[in-house]
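Worksheet for the structure shown next.
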Amino acid sequence: MPAKGVEERAAFADAMTLLCALIGAAAGLGVKLASRDPAMAFHGFIFLVAGALAAIFVLKLSFETTAPSQANSEYVDGPIKVAAVAALIWGIAGFLVGDVIAWQLAFPALNLDLPWTSFGRLRPLHTSAVIFAFGGNVLLATSFYVVQRTCRARLAGRWAPWFVVWGYQLFIVIAGTGYLLGITQGKEYAEPEWYADLWLTIVWVVYLLVFLGTLARRKEPHIYVANWFFLAFIVTIAMLHLVNNATIPVSPVSPKSYIVYSGVQDAMTQWWYGHNAVGFFLTAGFLGIMYYFIPKRVERPVYSYRLSIVHFWTLIFLYIWAGPHHLHYTALPDWAQTLGMTFSIMLWMPSWGGMINGLMTLSGAWDKLRTDPVVRLLVVSVAFYGMSTFEGPVMSIKSVNSLSHYTDWTIGHVHSGALGWVAMVSFGAVYCLVPWLWNRRGLYSIRLVEWHFWIATLGILLYITAMWVSGITQGLMWRAYDKLGFLQYSFIESVEAMKPYYVIRAVGGLLFLLGALIMTYNVWRTVRGDEPVDVADQPRIAAAPALRVAAAE
């Protein structure tokens with residue numbers, strides 16, 4: 001296209017983006033002035049400020065030819081840098097809040113008798129911060145990085161990638177402050193109210209369009225398997241979000257809404273969403289990370305490309321049916337409970353196929369486990385993935401579920417996946433990305449990565465073993481009867497018995513938080529451009545735009 005045509009299209013994109021920013025600011029002002037709810041008015045003010053800042057951002061950069069889209073560079077990395085840094089910031093916040101509520105369970109006085117610091121408000125803040133803020137930003141950064149390099153194509157859109165990243169941060173701020181102010185739907189992993197959900201829908205649709213647009217303009221005929229996992233994650237989360245959050249607001253300026261479903265239909269829809277949020281947000285998306293960063297870091301091709309395809313199709317077909325196992329022994333029809341259990345058990349094999357594929361990619365490079373702690377983070381995360389995807393199907397069996405459900409065993413299972421799989425693979429990916437994005441010779445300190453790995457691993461082991469013992473103890477105490485047929489223990493006796501395990505869990509969480517702080521310091525020194533203190537010990541990993549994908553078969 002002639003240069004004049006390109007300039008006209010860029011000017012049109014700038015004008016439309018500026019208009020959208022001003023409309024957003026005006027809508028925020030309207031909500032602030034019209035709402036009688038102080039929390040809703042506060043969120044209107046946040047939208048007003050965000051819209052105004054976006055307008056200033058567009059005006060400033062639209063006069064700088066290369067700034068919005070880095071027109072003279074091969075790839076668009078600005079939004080990726082923002083998402084990577086945001087992931088660390090939100091991660092620290094989420095881990096900190098999680099450890100605070102862990103100590104609150106051991107010492108309830110730490111709730112401070114304040115509504116904003118109570119467990120009931122901090123707990124959804126923790127889950128959303130670590131899943132959607134930390135995990136979501138890692139997925140944004142890695143998916144935008146991987147799709148460009150494996151397609152050898154720039155991200156689609158002049159402003160759209162920036163909108164996705166900054167729009168997602170706005171959603172996190174609205175959701176998180178809403179929890180502290182008491183605004184919630186009360187739905188697990190779907191706490192934000194209707195207007196936050198609506199904003200996220202807009203952001204997510206643009207995210208999908210950017211990803212699809214980049215795939216469409218690819219210069220590689222083949223779509224690398226990591227992109228299939230990223231695409232499945234984006235599309236399925238959009239579907240889950242729209243169906244589970246179908247609500248009717250009380251009014252346009254009220255934060256309160258009512259779900260369109262009722263009774264067991266609402267429960268079934270919620271756990272169809274909840275389990276598949278785990279399956280596609282916390283599994284499929286992070287498998288996309290695994291399939292790029294492990295081969296890239298160890299400089300080996302994926303062990304079996306055929307196995308990766310089998311892994312992909314079986315996983316996405318089976319996972320979507322497994323949600324009912326969260327509702328065993330409830331009003332849900334027995335056939336639906338059995339269906340969920342059956343598909344959960346079937347999930348074991350494709351999940352382990354993916355684990356085997358990830359681990360065996362190290363064939364011929366096992367020595368890197370000894371010399372490169374980043375590889376160790378990535379490989380241990382895959383091991384935790386295998387363990388969690390074995391434990392989950394076992395816990396879905398009705399006889400096992402009767403012991404495990406509603407106990408701390410479930411908490412231990414969730415965190416073995418969240419900390420061991422999701423967080424560790426995220427740490428490994430960010431350690432890879434930062435020197436590549438900021439064009440550094442290596443991380444500031446590979447020894448700090450070593451410290452991070454061991455401290456975080458110790459924290460995870462303390463956490464999950466304490467919760468396994470705690471959960472099984474709870475289950476056994478709740479079902480214990482004396483010889484007269486009465487319950488042998490009161491509920492408060494089971495709570496008292498848990499205190500030592502809750503203290504151990506809180507200590508484990510504190511260690512995990514310490515590891516994340518070490519990582520943040522290391523990344524900060526790397527981004528700042530400080531000379532690596534142990535550059536001779538660091539592996540030389542090329543950041544080439546494409547990745548060898550031929551299978552070693």
Side-chain angles (χ1 to χ4, degrees), residues 131-132 135-136 139 143 187-190 197 200-201 204-205 207-208 211-212 225-246 259-261 264-291 307-328 330 332-355 385-386 388-398 401 410 413-414 417-418 421-422:
I131 295 172
F132 299 114
L139 288 169
S143 62
K187 293 167 72 72
E188 185 75 356
Y189 307 142
D197 287 335
L200 179 60
T201 301
W204 209 259
V205 169
Y207 181 25
L208 175 61
F211 199 86
L212 287 174
V225 65
N227 293 322
W228 284 106
F229 279 97
F230 283 129
L231 188 59
F233 136 70
I234 298 169
V235 171
T236 309
I237 291 300
M239 177 181 67
L240 297 170
H241 176 75
L242 289 172
V243 174
N244 188 55
N245 292 293
I259 194 75
V260 298
Y261 316 108
V264 73
Q265 288 82 12
D266 184 23
M268 180 66 254
T269 305
Q270 162 60 27
W271 282 110
W272 168 77
Y273 164 89
H275 189 76
N276 288 297
V278 173
F280 287 87
F281 199 98
L282 298 178
T283 303
F286 289 90
L287 285 170
I289 296 175
M290 180 196 82
Y291 272 114
L307 182 57
S308 69
I309 298 301
V310 173
H311 177 207
F312 172 78
W313 286 110
T314 52
L315 190 82
I316 66 166
F317 175 75
L318 295 177
Y319 227 120
I320 206 78
W321 298 91
H325 76 230
H326 288 267
L327 298 170
H328 285 329
T330 67
L332 190 72
D334 192 62
W335 68 265
Q337 298 178 36
T338 303
L339 180 75
M341 178 184 71
T342 303
F343 275 87
S344 299
I345 295 170
M346 292 166 65
L347 266 171
W348 176 22
M349 292 316 295
S351 298
W352 272 34
M355 175 195 68
Y385 170 66
S388 298
T389 52
F390 171 74
E391 185 183 29
V394 169
M395 294 174 70
S396 74
I397 300 170
K398 284 188 175 182
N401 194 267
T410 302
H413 166 66
V414 168
W421 158 236
V422 172

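- A distance of 7.5 Å separates CD1 in I259 from OG1 in T269, rounded to the nearest 0.5 Å.
- W321 places no side-chain N or O within donor-acceptor distance of the main-chain N or O of G340, the cut-off being under 3.5 Å.
- For the pair Y291/H311, a side-chain contact is recorded, criterion being any heavy-atom separation below 4.5 Å from C-beta on.
- Electrostatic pairing of D197 and K187 does not count as a salt bridge here, judged by no charged N lying under 4.0 Å from a carboxylate O.
- Put simply, CZ on F280 and CD1 on I316 are 6.0 Å apart, with the number rounded to the nearest 0.5 Å.
- Counting only distance, with no hydrogens or angles, the side chain of W352 and the backbone of G386 share a donor-acceptor pair below 3.5 Å.
- Aromatic ring centres of H325 and F343: separated by at least 6.0 Å.
- Between the CG atom of N245 and the CG atom of L240 there is a distance of 10.0 Å, given to the nearest 0.5 Å.
- A side-chain donor-acceptor contact under 3.5 Å links T283 to the backbone of V278.
- Taking 4.5 Å as the limit, every side-chain heavy atom of S396 sits out of range of all side-chain heavy atoms of N401.
- Considering CE of M395 and NE2 of H326, their distance stands at 9.5 Å, rounded to 0.5 Å.
- Not less than 6.0 angstrom separates the ring centroid of Y189 from the ring centroid of Y273.
- Donor-acceptor pairing under 3.5 Å is recorded for the side chains of S143 and Y207.
- Inter-residue side-chain proximity for L332 and W271 is flagged as unmet; no heavy-atom pair is nearer than 4.5 Å.
- The two residues M268 and G323 have their closest heavy-atom pair at CE-C, 4.5 Å.
- In this structure the side chain of Q270 never reaches within 4.5 angstrom of the side chain of Y261, judged on heavy atoms.
- With 3.5 Å as the limit, one finds a donor-acceptor pair spanning the side chains of H241 and T201.
- What you find for I237 and A277 is that their closest heavy atoms are CD1-CA, 4.1 Å.
- Residue L231 holds its CG atom at 8.5 Å from OG1 of T236, rounded to the nearest 0.5 Å.
- Atom CG of residue L139 and atom CD1 of residue I234 lie 9.0 Å apart, to the nearest 0.5 angstrom.
- With sequence neighbours left out, the side-chain contact (heavy atoms from CB on, under 4.5 Å) criterion links M349 to no other residue.
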Point to revise | Stepwise ring pair (Phe, Tyr, Trp, His ring centres under 6.0 Å) test for F286 and F229 | key: CA-CA 8 Å; F286 289 90; F229 279 97; over 10 Å; no
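- Shown here for K398 and M341, the closest heavy-atom pair between the two residues is N-SD, 3.5 Å.
- Taking every heavy atom of both residues into account, W204 and A238 meet most closely at CD1-CB, 3.7 Å.
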Point to revise | Intermediate values then yes/no, side-chain contact (heavy atoms from CB on, under 4.5 Å), M239 and I320 | key: CA-CA 11 Å; M239 177 181 67; I320 206 78; 4.2 Å; yes
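- Taking the six-membered ring where the residue is Trp, the centroids of W228 and F211 are separated by 6.0 Å or more.
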Practice item. Take F230 and I289 through the test side-chain contact (heavy atoms from CB on, under 4.5 Å) and record every step on the way to the result. Key: CA-CA 8 Å; F230 283 129; I289 296 175; 4.1 Å; yes
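- Residues V394 and E391 form no side-chain contact, since every pair of their non-hydrogen atoms from C-beta on lies 4.5 Å or further apart.
- Contact check for T389 versus W348: no side-chain heavy atoms found under the 4.5 Å cut-off.
- The two residues L327 and A267 have their closest heavy-atom pair at CD1-O, 3.7 Å.
- The closest side-chain heavy-atom distance from V243 to W272 is below 4.5 Å.
- Side-chain contact between W421 and L282: absent, with no pair of heavy atoms (C-beta onward) separated by less than 4.5 Å.
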